[in-house]
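In what follows, chains carry the letters A, B, and so on, assigned in the order in which the sequence lines appear, proteins first and then strands, with residues in each chain numbered from 1.
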Amino acid sequence: QKEVEQDPGPLSVPEGAIVSLNCTYSNSAFQYFMWYRQYSRKGPELLMYTYSSGNKEDGRFTAQVDKSSKYISLFIRDSQPSDSATYLCAFNTNAGKSTFGDGTTLTVKP
Amino acid sequence: EAGVAQSPRYKIIEKRQSVAFWCNPISGHATLYWYQQILGQGPKLLIQFQNNGVVDDSQLPKDRFSAERLKGVDSTLKIQPAKLEDSAVYLCASSPGRPGYEKLFFGSGTQLSVL
């Protein structure tokens, strides 16, 4: 069983839609939860970071963590064509090693 | 602030040839990582350096891959000899090195095609 499972997609939504991206994990040592965005032919860039269960908001983005269910989500409100990218969930242990999901490719159509 | 620099951007080689990638991390970042990203998959850690010492190379295929970080700054990753399954994007990342929360700053990667 893989340590991280991410909804594979691809996902295609109209502009303005609410997007939900999801990952589950099995490693209880994961203490830090992150979402990266990766545009085509670019490296990933950090979008959201949290270490506790609950919600964290940053503009149109909300990261949700449920440690008891080992489940994390990223919500994008009022999605824009510029949000079209691959979204990667990532997890860190206290040792600092990042484990990534395989990504969900999102297309937002004008 | 300058980002993580990587070169070359693209490389095409034949199997059994050798290839080398170069990375210059963000100035002052103590931790440097090399990741392999195969098409359709997430990045997979190959090796992690803290300054010029290796912290984790458990996923590095040491029979063909090698990496070094001279003077704790630049790093090179080498593959010799290359196999078809090495076709991937090789990403370099750096971080300030604060334990537990490693915000990674990635370069744009080197896309390697092995024919």
Handout entry: Short side-chain donor-acceptor distance under 3.5 Å, D7(A) and T104(A)
Key = no
Problem - Aromatic centroids of F49(B) and Y33(B) separated by under 6.0 Å - result: no
Handout entry: Any residue of residues 5-12 of chain B which, by heavy atoms, sits under 4.5 Å from chain A
Key = R9(B), Y10(B)
Practice task
Could you tell me which portion of Q37(B) (side chain, backbone, both or neither) has an atom closer than 4.5 angstrom to a non-hydrogen atom of chain A?
Solution key: side chain
Practice task
Using a cut-off of 6.0 Å, state whether more than 12 heavy atoms not belonging to Y51(A) lie near its atom OH.
Solution key: no
Exercise for the section: Evaluate the ring planes of H29(B) and F105(B), with Trp represented by its six-membered ring, and classify them as parallel (under 30°), tilted (30 to 60°) or perpendicular (over 60°). Expected result: tilted
Problem - Centroid-centroid distance, Y35(B) to F100(A), less than 6.0 Å - result: yes
Practice task
Could you check whether the rings of Y32(A) and Y49(A) sit parallel, tilted or perpendicular, using 30° and 60° as the cut-offs?
Solution key: parallel
Exercise for the section: Identify whether the distance between the nearest side-chain nitrogen and carboxylate oxygen of R69(B) and D74(B) falls below 4.0 Å. Expected result: no
Practice task
Please look at Q6(A) and chain B and tell me whether the side chain, the backbone, both or neither of the residue comes under 4.5 angstrom of a heavy atom of that chain.
Solution key: neither
